Amino acid sequence: MVEQDGFNQSPLYGDVDLYATDQPLRDAVIANGAEDEALLLAAFGRRWGSADMMEQARFANENTPKLRAFDAKGFRRDIVEYHPAYHHFLKESIDFGLHASTWTETGERADAPAEVARAARCYMVAQIEPGHLSPVVLTRAAVAALAREPALAGEMIKKAVTNHYDPSFRPWEEKFGITIGIGMTERQGGSDIRTNVTRAEPVEGGYAITGHKWFMSAPMSDAFLILAQTDAGPTCFLVPRFRPDGTVNALHFLRLKDKLGNRSNASVEVEFNQAFGWRIGAEGDGVGTVMGSVQLTRTDCAVSSAGLMRAALVQALHHARHRTAFGKRLADQPLMRAVLADLALDVEAALALVMRLCRSIDRAPEDERERMRARIVTPAAKYWVCKLAPGVISEAMECMGGNGYIEDGPLPRLYREAPVNAIWEGSGNVLCLDVLHMAEQNRDAVLGVLGEIAGGAGDLPGTAAAAGEVEQILTKADDAFDARIAVERLALLAATEAMHSAGSPFADAFARTRLAGPARATYGTRALSREGADHLISRVLPG
Ligand SMILES: Cc1cc2nc3c(=O)[nH]c(=O)nc-3n(C[C@H](O)[C@H](O)[C@H](O)COP(=O)(O)OP(=O)(O)OC[C@H]3O[C@@H](n4cnc5c(N)ncnc54)[C@H](O)[C@@H]3O)c2cc1C
């Protein structure tokens, strides 16, 4: 008989309040104007931090979606079946409006602090089950494009913004709530979407679309925004799962992607065989039409990555507080404290950066400077935060020793999930090219944003030099060779400023170790003070 207690293992981490236990989150919510949401966020944090939610997340990822391309008699079905746990998460997120709360029912921006409040919720949700956020994120983003065609898409927008999840497979007109996916990537190119080969030909009432998409997530969405070529160039189309006459539209799912992570979410390869679609935006303006949507999905990638990092960090700290090695709890070992505090500093900075970005998005409709700031900080934040996540999660895993590597716990799932946020919705280089392109097109406005961010960071160590370096690269670059330097520095500067303007006690430590200090590649090597480390760790999780 093996003794069950006294094995020096940490207890399971569950039934926690994801909001109340997260001091940097509470600070960021207040600093970015969403303090009135605090009570609602606390209730949300308790609900999503329940042990049951964590268990459901395991079910949703172990029982992956199945493609049913044909029925028993060989007729096409083209449906994907999900485990009930996936539907449970999607219903929860849609009940809370994560797919829609930043819109009015006519597709206008909801009043501030809608973006900040939603980001706080998405950040908590990503800590538990990020995969189902795909249809949530895509639906909210698609509204930005659909709102450009209110006469055509008004009815669909109304259904996309109800807090009602209806997974049934029937025409969108018959449903009260719908979701919308976005398919742009083709076999020959994902970043370079102007090379799309899918064609659209005018037919009665719309267009007939013929071609394929190499990746299309959330395939059970009720409609998809896709890009296809017309004679005028890439054009955006809205393709419903059912044609207006009620027959199933010709979207033929070839296979599901067998993915490293993001396993609760399905992503298909799909062929369009004269599928019916409506045009959104002008012919040839497809890239311009979807750009507003892409900005939003990029922001959500960064929010989600901040959540993944937080989830890994709290697991590591919780474990270190209960596990003893060499006669002392790991969390009391000076070297482990150096590692945990260094991790905590990046996680806090990432959160501060994304929440400040969301404030800019909230204010953009009334404030041109905030609009421009959101435009330039979005790719930089996505670049840095999403690239940070795999390294943070790997180090957090190591803090837990062998336990961190085992599939019974959440670390392997977080680790597998992390890289996708950097790859989709604009990979690193593409984001850097976007920033360079903006600086070329709109130099004064971009430098104005840079000056404002640098000014907001005060005289914190390294900020002036970093701003100078960014300006030099953005204004003098012959080509894109140094663009990553500029974009990383810009993100670090914006994170410093976000922490500083929110009154974080760690803006100085972040600037000193990330902007001014010698470049060091691993966690625990940055010269933080011992008192600072204690304070940083206590902000991560009371205990
Ligand atoms: C799990 C998953 C789900 C997805 N779901 C969807 C979806 O729902 N809808 C959708 O449309 N797409 C989806 N995608 C596709 C994703 O958006 C693309 O993979 C991504 O945009 C990159 O495109 P690509 O794979 O064609 O890579 P490429 O465009 O071939 O890029 C490869 C690499 O080259 C770099 N690169 C490209 N151009 C340059 C340049 N000029 N200079 C320097 N470097 C460059 C890129 O940054 C990247 O690192 C999904 C992908 C994954 C992994």
Side-chain angles (χ1 to χ4, degrees), residues 61 64-65 80 130-142 145 179-198 209 211-221 223-228 234 236-239 251 253-272 286-287 289-291 293-298 300-301 304-305 308 379 382-383 386-387 390 413 416-437 440 477-488:
N61 284 276
T64 52
V80 174
H132 80 283
L133 281 175
S134 177
V136 169
V137 162
L138 295 173
T139 300
R140 104 76 180 223
T179 57
I180 302 171
I182 301 181
M184 295 190 280
T185 306
E186 296 188 1
R187 204 177 277 112
Q188 76 288 339
S191 310
D192 192 2
I193 47 182
R194 288 179 195 278
T195 63
N196 274 7
V197 296
T198 297
I209 293 160
H212 79 283
K213 297 293 162 191
W214 183 233
F215 283 91
M216 196 172 77
S217 294
M220 291 310 285
S221 300
F224 299 89
L225 285 179
I226 68 137
L227 289 183
C236 180
F237 294 92
L238 176 62
V239 179
L251 279 69
F253 298 165
L254 302 184
R255 59 176 171 165
L256 293 187
K257 294 294 193 186
D258 186 5
K259 299 179 282 187
L260 170 67
N262 192 250
R263 297 182 75 86
S264 65
N265 176 38
S267 306
V268 288
E269 291 170 21
V270 54
E271 273 179 5
F272 298 83
V287 176
T289 302
V290 295
M291 208 51 209
S293 300
V294 170
Q295 287 295 310
L296 295 176
T297 56
R298 287 180 177 173
D300 282 346
C301 289
S304 169
S305 283
L308 299 179
K382 181 188 185 280
Y383 176 84
C386 297
K387 286 207 173 295
R413 198 167 70 234
R416 284 195 297 267
E417 182 75 18
V420 78
N421 282 335
I423 293 172
W424 62 14
E425 308 302 338
S427 317
N429 288 353
V430 171
L431 298 169
C432 294
L433 293 171
D434 184 32
V435 174
L436 274 195
H437 180 69
E440 228 173 73
D478 292 335
D479 60 22
F481 193 74
D482 291 331
R484 280 191 176 218
I485 301 173
V487 174
E488 184 183 285

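In each ligand, atom 1 is the first atom listed, and ligand 1 is the first ligand listed. All of these numbers come straight from a predicted model, not from anything done at the bench. Side-chain atoms are counted along with the backbone in the values below, which use heavy atoms only and exclude waters and symmetry mates.
- Residue N262 has no N or O atom closer than 3.5 Å to an N or O atom of ligand 1.
- Short contacts between ligand 1 and L433, defined as distances under 4.0 Å to a heavy atom of the residue, involve ligand atoms 40 (C), 41 (N), 42 (N).
- At the top of the distance list for atom 2 (C) of ligand 1, counting protein heavy atoms only, stands W424 CE3, 3.5 Å.
- For atom 8 (O) of ligand 1, the nearest protein heavy atom lies under 4.0 Å away.
- Of all atoms in ligand 1, listed by their number and element, those nearer than 4.0 Å to a heavy atom of M216 are 7 (C), 8 (O).
- Less than 4.0 angstrom separates some heavy atom of K259 from each of these atoms of ligand 1: 1 (C).
- Among S134, G190, G183, the residue whose heavy atom lies nearest to atom 23 (O) of ligand 1 is G190.
- The shortest distance between side-chain heavy atoms of K382 and Q295 does not fall below 4.5 Å.
- Within a 4.0 Å radius of atom 25 (O) of ligand 1, the protein has no heavy atom.
- In terms of polar-atom proximity, defined here as any N/O pair under 3.5 Å, E186 makes no such contact with ligand 1.
- Residues V268 and M220 form no side-chain contact, since every pair of their non-hydrogen atoms from C-beta on lies 4.5 Å or further apart.
- Side-chain atoms of W214 and K257, non-hydrogen and from C-beta on, do get closer than 4.5 Å to each other.
- Side-chain contact, N429 with R484: a donor N or O sits under 3.5 Å from an acceptor N or O.
- When only non-hydrogen protein atoms are considered, atom 5 (N) of ligand 1 lies nearest to S217 OG, 2.8 Å.
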Go through I209 and V239 one step at a time and tell me if the side-chain contact (heavy atoms from CB on, under 4.5 Å) criterion holds. CA-CA 9 Å; I209 293 160; V239 179; 3.7 Å; yes

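- Per-atom contact check: atom 32 (C) of ligand 1 does not touch the protein, criterion being a heavy-atom distance below 4.0 Å.
- Contact annotation: the side chain of N265 approaches that of P135 to within less than 4.5 Å [non-hydrogen atoms, C-beta and beyond].
- Put simply, the side chain of M216 reaches to within 4.5 Å of the side chain of L251, judged on heavy atoms.
- The pair R298-D434 meets the salt-bridge criterion, with a side-chain N (NZ, NE, NH1 or NH2) lying under 4.0 Å from an Asp/Glu carboxylate O.
- Annotation: atom 14 (N) of ligand 1 to nearest protein heavy atom, F215 CB, 3.3 Å.
- A search for ring-ring contact (aromatic ring centres under 6.0 Å, His included) contacts involving F272 returns nothing, not counting sequence neighbours.
- Here the protein heavy atom with the shortest distance to atom 46 (C) of ligand 1 is S427 CB, 3.8 Å.
- Of the listed options I423, L225, V290, T195, I423 places a heavy atom closest to atom 20 (C) of ligand 1.
- Set against the non-hydrogen atoms of S267, the atoms of ligand 1 under 4.0 Å away are 3 (C).
- Under the 4.0 Å distance rule, the nearest protein heavy atom to atom 51 (C) of ligand 1 falls inside the cut-off.
- Looking from atom 27 (O) of ligand 1 to the surrounding protein, the closest heavy atom is S191 OG, 4.2 Å.
- A salt bridge links K213 and E186; the closest N-O separation between the charged side-chain nitrogens and carboxylate oxygens is under 4.0 Å.
- With ligand atoms numbered from 1 in the order given, ligand 1 contributes 17 (O) to contacts under 4.0 Å with heavy atoms of E425.
- Remark: side-chain polar atoms of D479 are paired, donor with acceptor, to backbone N or O of F481 under 3.5 angstrom.
- Counting heavy atoms from C-beta on, the side chains of L138 and S221 never come closer than 4.5 Å.
- Taking distance alone, with nitrogen or oxygen atoms compared against 3.5 Å, N429 approaches ligand 1 more closely than that limit.
- Considering backbone and side-chain atoms together, T185 places an N or O closer than 3.5 Å to an N or O of ligand 1.
- Note: an N/O pair closer than 3.5 Å links M184 and ligand 1 by distance alone.
- Of the polar atoms of I182, at least one N or O is found under 3.5 Å from an N or O of ligand 1, judged by distance alone.
- Between P219 and V270 the shortest side-chain heavy-atom distance does not fall below 4.5 Å.
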